[in-house]
Undergrad: 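Let me begin by handing over the structure; questions about it come next.
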Amino acid sequence: MSVALSRSVLWYADLPGVAESVPLARRYVRDVLVSAGCTRIDDVLLLTSELLGNAIRHSDSGREPGGSVSVVVCREAGIVRVEVIDQGAPTSKPEVVTDLDEEDCAGRGLWLVSRIASMWGWHEGMTGQVVWFQLAESA
């Protein structure tokens, strides 16, 4: 027997594929999560920033003039889910790097996502790549 979860989209936006979109998205995501009474807001914001930064840095969303990235924030049965949709890149797929140099400042984004999120993953979408994570509202 399968149970359909009630999934509610709290926020959706198409943003320019530029670094300035990351703090803008964080502000909107924070506001919508506070309004919805969600918990673990800091964790959601951290992971959203990591996925957006990766999308802008490693996909055509940030490399191509006029590139864009989309963010979807959903809530279902005590779970917050964030999806970041970018324009993809033929040479870059999401991968957790585990052998980082302690002095290296980059490469920890998906490692953080894999450690903090209840679940995460990625797939090819119709217009690019979708990277997502879920967090249970009660840690």
Side-chain angles (χ1 to χ4, degrees):
M1 179 176 144
S2 67
V3 178
L5 296 177
S6 171
R7 181 171 164 171
S8 173
V9 174
L10 299 176
W11 185 69
Y12 170 86
D14 292 316
L15 302 167
V18 296
E20 294 80 12
S21 291
V22 176
L24 177 66
R26 282 178 59 93
R27 187 169 41 251
Y28 285 123
V29 170
R30 177 187 302 278
D31 290 348
V32 77
L33 293 177
V34 167
S35 294
C38 294
T39 59
R40 300 191 66 193
I41 293 171
D42 290 338
D43 288 339
V44 173
L45 295 177
L46 172 64
L47 301 185
T48 300
S49 296
E50 293 297 340
L51 293 189
L52 274 169
N54 283 350
I56 292 165
R57 198 172 305 114
H58 300 295
S59 81
D60 290 346
S61 292
R63 293 184 201 153
E64 299 291 325
S68 65
V69 64
S70 300
V71 182
V72 183
V73 179
C74 301
R75 187 181 197 191
E76 53 186 288
I79 305 267
V80 174
R81 178 182 173 104
V82 175
E83 299 177 359
V84 174
I85 303 116
D86 63 42
Q87 293 175 275
T91 60
S92 180
K93 301 298 177 206
E95 179 181 355
V96 176
V97 178
T98 57
D99 58 343
L100 291 170
D101 182 326
E102 288 183 19
E103 302 299 318
D104 197 354
C105 293
R108 289 176 170 75
L110 285 179
W111 181 84
L112 281 171
V113 173
S114 73
R115 294 291 188 243
I116 296 171
S118 307
M119 294 178 64
W120 80 279
W122 71 277
H123 63 274
E124 295 293 334
M126 290 178 27
T127 60
Q129 191 164 257
V130 180
V131 184
W132 58 270
F133 69 86
Q134 291 182 181
L135 277 173
E137 289 194 70
S138 56

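Only heavy atoms go into these numbers, but all of them, side chains included; no hydrogens, no water, no symmetry mates.
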Undergrad: For R26, enumerate each residue passing the salt bridge (charged side-chain N to carboxylate O under 4.0 Å, His left out) test, keeping only those at least two apart in sequence or located in another chain.
TA: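 By the salt bridge (charged side-chain N to carboxylate O under 4.0 Å, His left out) rule, R26 matches no residue at all.
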Undergrad: Any chance you could lay out the side chain to side chain contact (heavy atoms under 4.5 Å, CB included) test for F133 and V44, step after step, and finish with the verdict?
TA: CA-CA 9 Å; F133 69 86; V44 173; 4.2 Å; yes
Undergrad: Has R63 got a side-chain atom pairing as donor or acceptor with A89's backbone, closer than 3.5 angstrom?
TA: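 Flag not set: sc R63 to bb A89 has no pair under 3.5 Å.
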Undergrad: With sequence neighbours left out, write down each residue that passes ring pair (Phe, Tyr, Trp, His ring centres under 6.0 Å) with Y12, or none if nothing qualifies.
TA: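 Y12 satisfies ring pair (Phe, Tyr, Trp, His ring centres under 6.0 Å) with no residue once adjacent residues are dropped.
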Undergrad: Against V130, only a single residue in D86, I85, V84 fulfils side chain to side chain contact (heavy atoms under 4.5 Å, CB included); can you say which?
TA: I85
Undergrad: Check the pair V72 / L10 against side chain to side chain contact (heavy atoms under 4.5 Å, CB included), numbers first and verdict last.
TA: CA-CA 8 Å; V72 183; L10 299 176; over 6 Å; no
Undergrad: Could you give the distance from OG1 (T48) to CD (E83), rounded to the nearest 0.5 Å?
TA: 11.5 Å
Undergrad: So does A136 get a backbone contact from the side chain of R40, meaning a donor-acceptor N/O pair under 3.5 Å?
TA: yes
Undergrad: Among residues at least two apart in sequence or on other chains, which ones pass side-chain hydrogen bond (donor to acceptor under 3.5 Å, both in side chains) with D42?
TA: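 Result, side-chain hydrogen bond (donor to acceptor under 3.5 Å, both in side chains) vs D42: none returned.
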Undergrad: Who pairs with R27 by side chain to side chain contact (heavy atoms under 4.5 Å, CB included), at least two apart in sequence or on another chain?
TA: L24, D31
Undergrad: Quick test of your reading: applying side-chain hydrogen bond (donor to acceptor under 3.5 Å, both in side chains), list the pairs with at least one residue in residues 123-133, sequence neighbours left out, ordered by first then second residue.
TA: K93-E124
Undergrad: How close do Q87 and S61 get, heavy atom to heavy atom, and via which atoms?
TA: N-OG, 2.8 Å
Undergrad: Considering residues at least two apart in sequence or located in another chain, which fulfil the salt bridge (charged side-chain N to carboxylate O under 4.0 Å, His left out) criterion with E20?
TA: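 Partners of E20 under the salt bridge (charged side-chain N to carboxylate O under 4.0 Å, His left out) test: none.
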Undergrad: Okay, side chain of S8, backbone of R75: is any donor-acceptor separation there less than 3.5 Å?
TA: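 Side chain of S8 to backbone of R75, a donor-acceptor pair under 3.5 Å: no, none is there.
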Undergrad: For residues I56 and G17, report the shortest heavy-atom separation together with the two atoms involved.
TA: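 Taking every non-hydrogen atom into account, CG2-O, 3.7 Å.
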Undergrad: If you look at every heavy atom in S114 and W120, which pair is closest and at what distance?
TA: CB-NE1, 3.5 Å
Undergrad: Identify whether W111 and W122 are in the same connected component of the hydrophobic contact network (ILVMFWY, side-chain heavy atoms under 4.5 Å).
TA: yes
Undergrad: If every non-hydrogen atom of L135 is compared with every non-hydrogen atom of D43, which pair is closest and at what distance?
TA: CD1-CB, 3.7 Å
Undergrad: For the CG atom of L52 and the CZ atom of R57, what is their distance to the nearest 0.5 Å?
TA: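 Taking CG in L52 and CZ in R57, the distance rounds to 10.5 Å.
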Undergrad: Of all heavy-atom pairs between V69 and P16, which one has the smallest distance, and what is that distance?
TA: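 In terms of heavy atoms, the two residues are closest at CG1-O, 4.2 Å.
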Undergrad: Minimum heavy-atom separation for L15 and S21, please, with both atom names.
TA: CB-OG, 3.8 Å
Undergrad: Give a yes or no on whether I79 and V131 share a hydrophobic cluster (residues Ile, Leu, Val, Met, Phe, Trp, Tyr; joining criterion: side-chain heavy atoms under 4.5 Å apart).
TA: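 The answer is no; the residues belong to distinct hydrophobic clusters.
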Undergrad: A side-chain contact here means heavy atoms from C-beta on lying under 4.5 Å apart; do D14 and V71 qualify?
TA: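 The answer is no; the side chains never approach within 4.5 Å.
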Undergrad: Does any N or O in the side chain of Q134 come within less than 3.5 Å of the main-chain N or O of S118, such that one atom is a donor and the other an acceptor?
TA: no
Undergrad: Quick check for you: to the nearest 0.5 Å, what is the distance between T39 atom OG1 and L33 atom CG?
TA: 9.5 Å
